[in-house]
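Heads up: the structure comes next, in structure tokens.
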Amino acid sequence: MNRIIFLLLTVCSCLAAVADTLNGDNILSGTITDKKSGEKLVGVTIYFPELSNGTTTDADGHYELTRLPDKTTPIQVSYLGHKTIVKNIDLSTTHTLNLKMDESDAMINEVVVTGLTGQALMKDSPTPIAVVGKTMLAATPSTNIIDALSFQPGVSQVTTGGGISKPVVRGLGFNRVVVVNDGIRQESNQWGEEHGVEIDPESVSSAEILKGPASLMYGSDAMGGAIIFHDEPTAPLGTMEANAETQYQTNNGLFGYSVNFKGNEDGIVWNARWSQTLAHAYKDKIDQYVVGSQYRERAAEGMAGINRSWGYTHLKLSYYNLTPGIAEGERSDSYTYGRQLPFQQVYHYKVVSDNSFFLGNGTLQAILAYQQNHRQEYEDSPTAPGLDMKLHTVNYDLKYRLPLTSDWNLATGINGMYQKMLNEGDEYLIPAYNLFDIGAYATSSYKVGAFTLSGGVRFDNRHLHTFALENTFTQLSRNFSAFTGSVGAVYAVSPKMNIRLNLARGFRAPNLSELSSNGVHEGSVRYELGNGNLHPEYSWQMDAGWDYTSNLISFQLSLFANFIDNYIFTDKLADIKTEGYDTYQYRQGNARMLGGEASIDLHPIDRLHFQNTFSYVNSVQLHQPHESKYLPWTPAPRFTSDLRYDLIRDGKVLNNTYIALQAECDLRQNHFYALNGTETATSSYTLFNILAGTDLKIHDVKRASLYLGCTNLFDRAYQSHLSRLKYVEATPDNGHQGIYNMGRNITMKLVVPVTL
């Protein structure tokens, strides 16, 4: 591991001088106008994803970017209510670029994504990818970043109250979905149901959701897909920007604020942010206030770096602290923001060195990072934790993208991590361990006629060693290796219609909890036993899709079949209690998952959108009787509907003003893992939301954005099938099994940007 770190540091220190001699110092400028009216558009975002460089148009619709390299790279031009423009340009020969933007009535836009070959158009992906931008994230009422994504088709969440959510993509979650933040995979003991992703939502500029095996780019644990969070772009050259935002939610009294300040002085870039959120126990009309569902969240980050025509180097430091309560079934007619036993305390520290060097038309990216996740559970004393785990992770990623041509897009690299976990409390759930992981891959895409072909291969090796602890854990050493790959094609039937097909091989090594857990999992209210004989999971997944887009309608259909050997899950041991808790043990079997998503966006009249989606997954364990046939944690079939009307576009004072009515119908989930009462059926329910938002302009400059929303408008009492609180035992407070989800909640959010 030390040799790899030394190699990366040596490469980074030497390449800046080499790259500086190979790249120019170019300027690109132009004017952006509305194609229909001819008006100059203010605040259009012009961004180079590969360069981490961009700007916005001024009051005259003009923009200018300097210190650009001699290379061909994609440019992305986006503006709310208009169709995104993406094209490859040669910066060595193109210095003026004027563009006219169409008002966008289509749901499917061209957008650059990074999760496949590093830089590619979403429409050229043979597997479905969803992109959620900054405006949509800000406008969606939510209590955490995964909650903000859960309205997307095929995406669900395992929840523990309002503060903790884990992503589930097409029925796969936990260690089967990789979360990428700051360019590296987030490592935070994410195997537990009550463990969130520990990321400040306000620091996220956009999110990519890869649905399907993403093992090609991210190795083990990406069998179900990946969620990639992107930072906001650096400030344009010669500017400084400040941003303040605040929100309040009525149901749980959530109050949050975030402030950041960034700048770019002669290519020296910086960014700093502080965020804080407080929430008391949430309320529903059955349980009243749910004791233990309150939480506190604090986050800080700072970035400093340099942008030049040879590339960029950025150093980022971040801190995240979450203090959630642990709900055990108590209800109350009052609430508190304070900590109540039992509760958790989570600290996540991260240092990331992100470097990109332009070698001719190629790009070499090197990322080196250190993460520390410190997780404590307080049960009997507010000062002495019982469970106290400290996870150290070093991530490394070295990737080279070959020069972009009109036909080929190729990338190759190595990435992986080293981990060391220590137990510092007097209670134990998993043993201390060391882990080393390395993977090498090559990906490519090729355009020929109406076809876009893409695929790649990867080899992974993971070595795991646990340390013995008397009467609790035995020593364990396991080594896991696998070849994975994918091959797919997109056929453009016409400029408006595409057909997609993909075949992928996925791989996941068992995690520490699955192999070696032996103790009370206080957050899950159960005793867990690992299984040291577990085998790796392997999957074959077939994806097929069809999409059509026009000025009046956009339609997408994505279907998949996923066959997983050695699928790992927990089941409840019959009539066995250990230390007073129900006992669960990890086991495995062969699984088959079928399903897909369908979405249609109708645009019958100008400014009106009526979008409907349906998501379905059927997850079964093969060759099993009915009570153990269906896999646990399978989301219910879901239908969503979103009726939105844009009241004002390109207004003088109010701009991008809209109102929307949403409905979410989750059907009854009769397919559940019933053996020994591990899961139960979940009744159907329908929720209604109403949203509104607007920008405020003064002298043609956006001064503020206001978002209002009311979720669960009719205060429906319901239990989500993926809510962990659904299985909290009945108490004398009300005598019923489980806790209900949050009731009616009104959200108000204000964002105030300032450009200096």
Inset, instruction - Let me see the working for Phe614 and Phe639 under side-chain contact (heavy atoms from CB on, under 4.5 Å), right down to the final yes or no. - result: CA-CA 4 Å; Phe614 181 72; Phe639 171 80; 4.2 Å; yes
Inset, instruction - Taking atom types as modelled, find out whether Asp231 and Ser205 have a side-chain donor-acceptor pair closer than 3.5 angstrom. - result: no
Inset, instruction - Taking all heavy atoms of Asp200 and all of Ala299, pick out the closest pair and write down the distance. - result: CB-CB, 3.6 Å
Legend entry - Residue of the set Asn144, Thr160, Thr159 for which side chain to side chain donor-acceptor pair (under 3.5 Å) holds with Ser165: Asn144
Inset, instruction - Go through the steps for Lys726 and Glu679 under the test salt bridge (charged side-chain N to carboxylate O under 4.0 Å, His left out), then give the verdict. - result: CA-CA 9 Å; Lys726 176 176 182 282; Glu679 286 190 330; over 6 Å; no
Inset, instruction - Please determine, by modelled atom types, if Gln419 and Thr393 share a side-chain donor-acceptor pair under 3.5 angstrom. - result: yes
Legend entry - Verdict with reasoning, Arg176 to Asp221, per salt bridge (charged side-chain N to carboxylate O under 4.0 Å, His left out): CA-CA 5 Å; Arg176 298 180 183 92; Asp221 305 344; over 6 Å; no
Inset, instruction - Starting at CG of Leu713, measure out to CZ of Arg744 and round the result to the nearest 0.5 Å. - result: 6.5 Å
Inset, instruction - Side-chain contact test, heavy atoms from C-beta onward, threshold under 4.5 Å: evaluate it for Arg724 versus Val158 and give yes or no. - result: yes
Legend entry - Closest heavy-atom pair and its distance - Val169, Leu210: CG1-O, 4.2 Å
Legend entry - Tyr337 and Tyr335 aromatic ring geometry - parallel, tilted or perpendicular at 30°/60° bounds: perpendicular
Legend entry - Exercise: identify the closest heavy-atom pair between Leu429 and Gly519: CD1-O, 3.5 Å
Legend entry - Arg638 side chain vs Val155 backbone, donor-acceptor pair below 3.5 Å: yes
Inset, instruction - Walk me through it: do Lys350 and Glu198 pass the test salt bridge (charged side-chain N to carboxylate O under 4.0 Å, His left out)? - result: CA-CA 11 Å; Lys350 185 160 51 176; Glu198 281 121 40; over 6 Å; no
Legend entry - Ser628 versus Gln624, side-chain donor and acceptor atoms under 3.5 Å: yes
Legend entry - Ser517 side-chain N/O to Gly530 backbone N/O, donor-acceptor pair under 3.5 Å: yes
Legend entry - Check: Asn251 main-chain N/O paired with Asn745 side-chain donor or acceptor under 3.5 Å: yes
Inset, instruction - Check for a donor-acceptor pair, side chain of Gln371 on one end and backbone N or O of Arg185 on the other, with a separation under 3.5 Å. - result: yes
Legend entry - Where Val728 and Ala327 come nearest, the two heavy atoms and their spacing: CG2-O, 4.3 Å
Inset, instruction - Ignoring hydrogens and angles, state whether a donor on the side chain of Glu537 or Gln588 is under 3.5 Å from an acceptor on the partner side chain. - result: no
Legend entry - Separation of Phe151 CZ from Ser615 OG (nearest 0.5 Å): 10.0 Å
Inset, instruction - Measure the shortest side-chain to side-chain distance between Gln152 and Lys211 over non-hydrogen atoms and say whether it is less than 4.5 angstrom. - result: no
Inset, instruction - Any chance you could measure Trp274, atom CH2, to Asn260, atom CG, to the nearest 0.5 Å? - result: 14.0 Å
Legend entry - Between Ser513 and Tyr586: side-chain donor-acceptor atoms closer than 3.5 Å: yes
Inset, instruction - Please round to the nearest 0.5 Å and tell me the distance separating atom CG of Asn395 and atom CE of Met417. - result: 7.0 Å
Inset, instruction - Look up atom OG1 in Thr466 and atom CG in Leu435, then write down how far apart they are to the nearest 0.5 Å. - result: 11.5 Å
Inset, instruction - Using atom types as modelled and distance alone, determine if a side-chain donor or acceptor of Asp715 lies under 3.5 Å from a backbone N or O of Gly743. - result: no
Legend entry - Gap between atom CD of Gln249 and atom OG1 of Thr711 - 0.5 Å precision: 7.0 Å
Legend entry - Quiz item: cation-pi between Arg716 and Tyr685, 6.0 Å / 45°: no
Inset, instruction - Tell me, please, which residues at least two apart from Phe688 pass ring-ring contact (aromatic ring centres under 6.0 Å, His included). - result: Phe714
Inset, instruction - For the pair Thr135 and Tyr707, evaluate side-chain contact (heavy atoms from CB on, under 4.5 Å) and give the outcome as yes or no after the intermediate values. - result: CA-CA 10 Å; Thr135 301; Tyr707 303 100; 4.1 Å; yes
Inset, instruction - Answer yes or no: are there more than 12 heavy-atom neighbours, outside Asn670 itself, under 6.0 Å from its atom CG? - result: yes
Legend entry - Check: Tyr378/Gln376 side-chain N/O donor and acceptor closer than 3.5 Å: yes
Inset, instruction - May I ask you to check whether over 12 heavy atoms, not counting those of Lys420, lie within 6.0 Å of atom NZ? - result: no
Legend entry - Those residues that, when tested against Tyr428, pass side-chain contact (heavy atoms from CB on, under 4.5 Å) (two or more places apart): Asn423, Leu469, Phe473
Legend entry - Side-chain touch Tyr584/Thr678, heavy atoms, less than 4.5 angstrom: yes
Inset, instruction - Determine whether Met421 and Met389 make a side-chain contact, defined as any pair of heavy atoms from C-beta on separated by less than 4.5 Å. - result: yes
Inset, instruction - Answer whether the closest heavy-atom distance between the side chains of Val168 and Val177 falls below 4.5 Å. - result: no
Inset, instruction - Apply the test side-chain contact (heavy atoms from CB on, under 4.5 Å) to residues Gln294 and Phe343: give CA-CA distance (whole Å), side-chain angles for both, the deciding distance (0.1 Å), then the verdict. - result: CA-CA 10 Å; Gln294 66 269 30; Phe343 66 89; over 6 Å; no
Legend entry - Side chain proximity check, Ser275 to Glu297, heavy atoms < 4.5 angstrom: no
Inset, instruction - Evaluate the ring planes of Tyr630 and His671, with Trp represented by its six-membered ring, and classify them as parallel (under 30°), tilted (30 to 60°) or perpendicular (over 60°). - result: parallel
Inset, instruction - Spell out, as yes or no, whether a donor-acceptor pair under 3.5 Å connects the side chain of Gln276 to the backbone of Tyr257. - result: no
Legend entry - Qualifying residue, where the test is side chain to side chain contact (heavy atoms under 4.5 Å, CB included) with Gln345 and the options are Glu377, Arg339, His374: Arg339
Legend entry - Side-chain touch Leu254/Gln247, heavy atoms, less than 4.5 angstrom: yes
Inset, instruction - Apply side-chain contact (heavy atoms from CB on, under 4.5 Å) to the pair Met223 and Ile564, showing each step before the final yes or no. - result: CA-CA 10 Å; Met223 175 181 289; Ile564 304 176; 4.1 Å; yes
Legend entry - Shortest non-hydrogen contact from Val178 toward Ser220: CG2-O, 4.2 Å
Inset, instruction - Would you mind reporting whether Arg668 and Ser683 have side-chain heavy atoms less than 4.5 Å apart? - result: yes
Inset, instruction - Output yes when a side-chain donor or acceptor of Arg375 lies under 3.5 Å from a complementary backbone atom of Ser188, and no otherwise. - result: yes
Inset, instruction - Can you see which heavy atom on Arg273 is nearest to which on Ser258, and at what distance? - result: NH1-OG, 2.7 Å
Legend entry - Axial cation check for Tyr740 ring with Arg331, 6.0 Å and 45° limits: no
